[in-house]
Amino acid sequence: MTRAWILPILLVLCGSVVATGLIFQGSPVQAAVFLLAFVLLAGVNSPLFFPGSMSALEAQRRSAVDGKPVIYWRAGCKYCMRLRFRLGRRARQLHWVDIWRDPAGAAAVREVNNGNETVPTVFVAGRPHVNPDHAWLREQLSSSER
């Protein structure tokens with residue numbers, strides 16, 4: 001769980017150091033803007049940006065009931081963030097598993113990716129798809145709602 005917070009914490013710390021330097025140089029407004037930018041960047045790279053994560057077993061159980069895809073992701077992954085952005089509000093309808101929080105989820109991803117923890121890995125109807133196109137995933141979501 002702590003791995004997911006390393007990058008956001010480092011971003012806030014770096015932003016704080018730079019903002020402190022700007023305050024000492026007499027630029028408090030610029031320091032505030034700079035710190036705010038780093039805090040926002042840290043938030044986007046944190047687990048808080050993604051819909052609530054669940055265990056792989058729970059996600060698989062729910063997917064079997066409602067037919068919605070399971071997305072395996074990790075904090076700080078630019079491809080996961082891109083998929084999350086492009087899915088928009090529909091992302092909350094999917095089942096998200098943080099592989100850094102769930103060893104079973106990490107094992108499931110490694111099993112289908114030749115031992116690599118390549119994310120996002122999406123399981124649709126039990127079949128894995130690595131870094132799928134968001135439009136294709138939306139179609140899969142629409143077909144599971146029928």
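Numbering starts at 1 and runs along the sequence shown. All heavy atoms count here, side chains included; hydrogens, waters and symmetry mates do not.
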Novice: Nearest heavy-atom pair of Ala75 and Trp100: which atoms, and what distance?
Specialist: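 Taking Ala75 first and Trp100 second, the nearest heavy atoms are O-CZ3, 3.6 Å.
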Novice: Provide the closest heavy-atom pair for Ala19 versus Ala31 in the form atom of the first, atom of the second, distance.
Specialist: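 Answer, listing the atom of Ala19 first, then Ala31: O-CB, 3.3 Å.
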Novice: Is Val12 reachable from Trp5 through a run of hydrophobic residues whose side-chain heavy atoms are each under 4.5 Å from the next?
Specialist: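 Hydrophobic grouping puts Trp5 apart from Val12.
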Novice: From the options Ile71, Asp98, Ile99, Val130, select the one residue that forms a side-chain contact (heavy atoms from CB on, under 4.5 Å) with Val119.
Specialist: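 Among the candidates, only Ile99 passes.
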Novice: Run the side-chain contact (heavy atoms from CB on, under 4.5 Å) check on Leu35 and Leu22 step by step: do they pass?
Specialist: CA-CA 10 Å; Leu35 183 59; Leu22 289 171; over 6 Å; no
Novice: Nearest heavy-atom pair of Leu7 and Gly76: which atoms, and what distance?
Specialist: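 Closest approach of Leu7 to Gly76, heavy atoms only: CD2-CA, 4.3 Å.
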Novice: Using modelled atom types only, decide if a donor and an acceptor are shared between the side chain of Ser63 and the backbone of Ala59 within a distance under 3.5 Å.
Specialist: no
Novice: Does the side chain of Val124 reach to within under 4.5 Å of the side chain of Trp136, using non-hydrogen atoms?
Specialist: yes
Novice: Can you tell me how far NZ of Lys68 sits from NE2 of His95, rounded to the nearest 0.5 angstrom?
Specialist: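 Rounded to the nearest 0.5 Å, the NE2-NZ separation comes out at 6.5 Å.
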Novice: Please find the pair of heavy atoms, one from Cys77 and one from Pro120, that lie closest to each other, and give the distance.
Specialist: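 Closest pair (atom of Cys77, atom of Pro120, distance): SG-CD, 4.4 Å.
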Novice: Is there side-chain contact between Thr118 and Asn131, with at least one heavy-atom pair below 4.5 Å?
Specialist: no
Novice: Rounded to the nearest 0.5 Å, what's the gap from CD on Gln140 to CZ on Arg127? Could you check?
Specialist: 10.0 Å
Novice: I need the Cys80 SG to Trp96 CH2 distance, nearest 0.5 Å.
Specialist: 7.0 Å
Novice: Look up atom SG in Cys14 and atom CZ in Phe38, then write down how far apart they are to the nearest 0.5 Å.
Specialist: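 With rounding to 0.5 Å, SG (Cys14) is 6.0 Å from CZ (Phe38).
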Novice: Does a side-chain heavy-atom distance below 4.5 Å link Arg82 with Arg84?
Specialist: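 Not touching, per the 4.5 Å side-chain cut-off.
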Novice: Can you measure from CG (Leu83) to CZ (Arg86) and round to the nearest 0.5 angstrom?
Specialist: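 Spacing of CG (Leu83) from CZ (Arg86) equals 9.0 Å.
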Novice: Does any pair with a residue in residues 103-115 pass side-chain hydrogen bond (donor to acceptor under 3.5 Å, both in side chains), and if so which ones, sequence neighbours excluded?
Specialist: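 Residue pairs passing side-chain hydrogen bond (donor to acceptor under 3.5 Å, both in side chains), neighbours aside: Arg110-Glu117, Asn113-Thr121.
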Novice: Is any side-chain heavy atom of Leu94 closer than 4.5 Å to a side-chain heavy atom of Val122?
Specialist: no
Novice: If I compare all heavy atoms of Val97 with all of Ser55, which pair ends up nearest, and what's the gap?
Specialist: CG2-O, 4.0 Å
Novice: To the closest 0.5 Å, what do you measure between CD (Gln30) and CD1 (Ile23)?
Specialist: 11.0 Å
